[in-house]
Amino acid sequence: MENSKKASFFKQVYRVVGAIPPGRVLTYGQIATLVGAPYLARQVGWAMHGCPLGLPWQRVVGAGGRLLTRSPNPPGGSLQQRQLLEQEGVLFVGERVDMSRHQFVPSKGFLKNRKRSFPGPQ
DNA sequence: GCCATGGCTAGTA
DNA sequence: GCCATGGCTAGTA
C-alpha cells in the first residue's frame, strides 16, 4: 500500500475505534469494511499495535467475539482486555464476547454524523 | 484446530 | 517468516 494511503488507513482506523460506544465491540473485519478495505482485517490488527493512548482499544475483538490481544502490548493481553470490557458491562460466553448482545452495528454514515467520540482508559 | 490470506512494519502513522 | 484475522471440511447417529 502506498505510504500516504497507509497513513490515512491508520487514521481512519483510529477514528472508527474512537467512535465505539462503551459496552459495545467492533471486529477487525468490521473496521476494515468501514474504512473501505474489507480484506485488510489483518492490517487493522497491525494498526492496533500503534493505537494512540486514550482510544478504547479493548472494544476491538476478533470475529465471533474472540479476544486476540497478547502481552506485552497491551501489558495484560486478553486478560486485561476482558477486565476492561467487563467493567463496561460486557458479558462473555465462555472465552468470547457475547456478540449477540454487544456487537456494535454502526448506522450508515456514523463517522460523518457522529456527535461525539468515546474515550477509553488511560 | 486448521489453513488461506495481505502486506512487509516492530514504533506508534 | 510473522501476525491483535476470518471462516469453517468431512464424515457422521
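Since the model is a prediction, treat every value here as computed from it, not as a measurement. Each chain gets a letter, A, B and so on, in the order its sequence line appears, and its residues count up from 1.
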Checklist entry - How close or far is atom P of B:dG7 from atom CZ of A:Phe10, stated in whole angstroms? => result 12 Å
Item to check | Proximal nucleotide (of C:dG6, C:dA4, B:dT5) relative to the A:Ala63 side chain | outcome: C:dG6
Item to check | Stacked cation flag A:Arg82 on A:Phe92, 6.0 angstrom / 45 deg | outcome: yes
Checklist entry - Rounded to whole angstroms, how far apart are CZ on A:Arg96 and C1' on C:dC8? => result 11 Å
Checklist entry - Mapping A:Arg66 and A:His49 to their closest nucleotides on DNA chain B, which lands nearer the 5' end? => result A:Arg66
Next on the checklist: Whether the side chain of A:Ser78 engages the backbone of A:Thr69 through a donor-acceptor N/O pair (distance < 3.5 Å, no angle test) should be reported.
Outcome noted: yes
Next on the checklist: For residues A:Met99 and A:Tyr28: do they belong to one hydrophobic cluster (side chain heavy atoms under 4.5 Å, members Ile, Leu, Val, Met, Phe, Trp, Tyr)?
Outcome noted: no
Checklist entry - Where along residues 75-82 of chain A does a heavy atom come under 4.0 Å from DNA chain C, residue by residue in number order? => result none
Checklist outcome for this item: In this structure, CG of A:Leu79 is separated from CD of A:Gln81 (nearest 0.5 Å) by 10.5 Å
Next on the checklist: Test your reading of the model: is there a side-chain donor-acceptor pair from A:Asp98 to the backbone of A:Leu91, 3.5 Å cut-off?
Outcome noted: no
Checklist outcome for this item: A:Glu95 atom CD is separated from C:dA4 atom P, nearest whole Å, by 18 Å
Checklist outcome for this item: Picking from B:dA13, C:dG6, C:dA4, the nucleotide nearest the side-chain atoms of A:Ala41 would be C:dG6
Checklist entry - Who is the Watson-Crick or G-U wobble partner of C:dC3, with both distances under 3.5 Å? => result B:dG6
Next on the checklist: I need the CG-P distance between A:Asn73 and C:dA4, as an integer number of Å.
Outcome noted: 9 Å
Checklist entry - In whole angstroms, how far is the C1' atom of C:dG6 from the CE atom of A:Met99? => result 12 Å
Checklist entry - How close or far is atom P of C:dA4 from atom OH of A:Tyr14, stated in whole angstroms? => result 14 Å
Checklist entry - How far apart are the closest heavy atoms of A:Phe110 and A:Ala19, and which atoms are they? => result CE1-CB, 3.6 Å
Checklist entry - For A:Leu34 and C:dT5, what is the distance between atoms CG and P respectively, to the nearest whole Å? => result 18 Å
Item to check | Criterion side chain to side chain donor-acceptor pair (under 3.5 Å) against A:Gln58, the qualifying member of A:Gln83, A:Glu86, A:Glu88, A:Gln87 | outcome: A:Glu88
Item to check | Residue A:Arg70, side-chain atoms from C-beta onward, closest of B:dA4, C:dA4, C:dG6 | outcome: C:dA4
Next on the checklist: Would you measure the distance from the C1' atom in B:dG1 across to the matching atom in C:dA13 and give it in whole Å?
Outcome noted: 24 Å
Item to check | A:Leu68 side chain, from C-beta outward: closest of B:dA13, C:dT5, B:dG6 | outcome: C:dT5
Next on the checklist: Let's test this: given Watson-Crick or G-U wobble pairing with both distances under 3.5 Å, identify the partner of C:dG11.
Outcome noted: none
Item to check | Between C:dA4 (C1') and A:Ile31 (CD1): distance, integer Å | outcome: 11 Å
Item to check | Nearest listed nucleotide, side chain of A:Arg42, among C:dG6, B:dG6, C:dA4 | outcome: B:dG6
Item to check | DNA chain C: 5'-proximal contact among A:Gly29 and A:Gln43 (nearest heavy atom) | outcome: A:Gln43
Item to check | Between CZ on residue A:Arg101 and CZ on residue A:Arg24, distance to nearest 0.5 Å | outcome: 10.0 Å
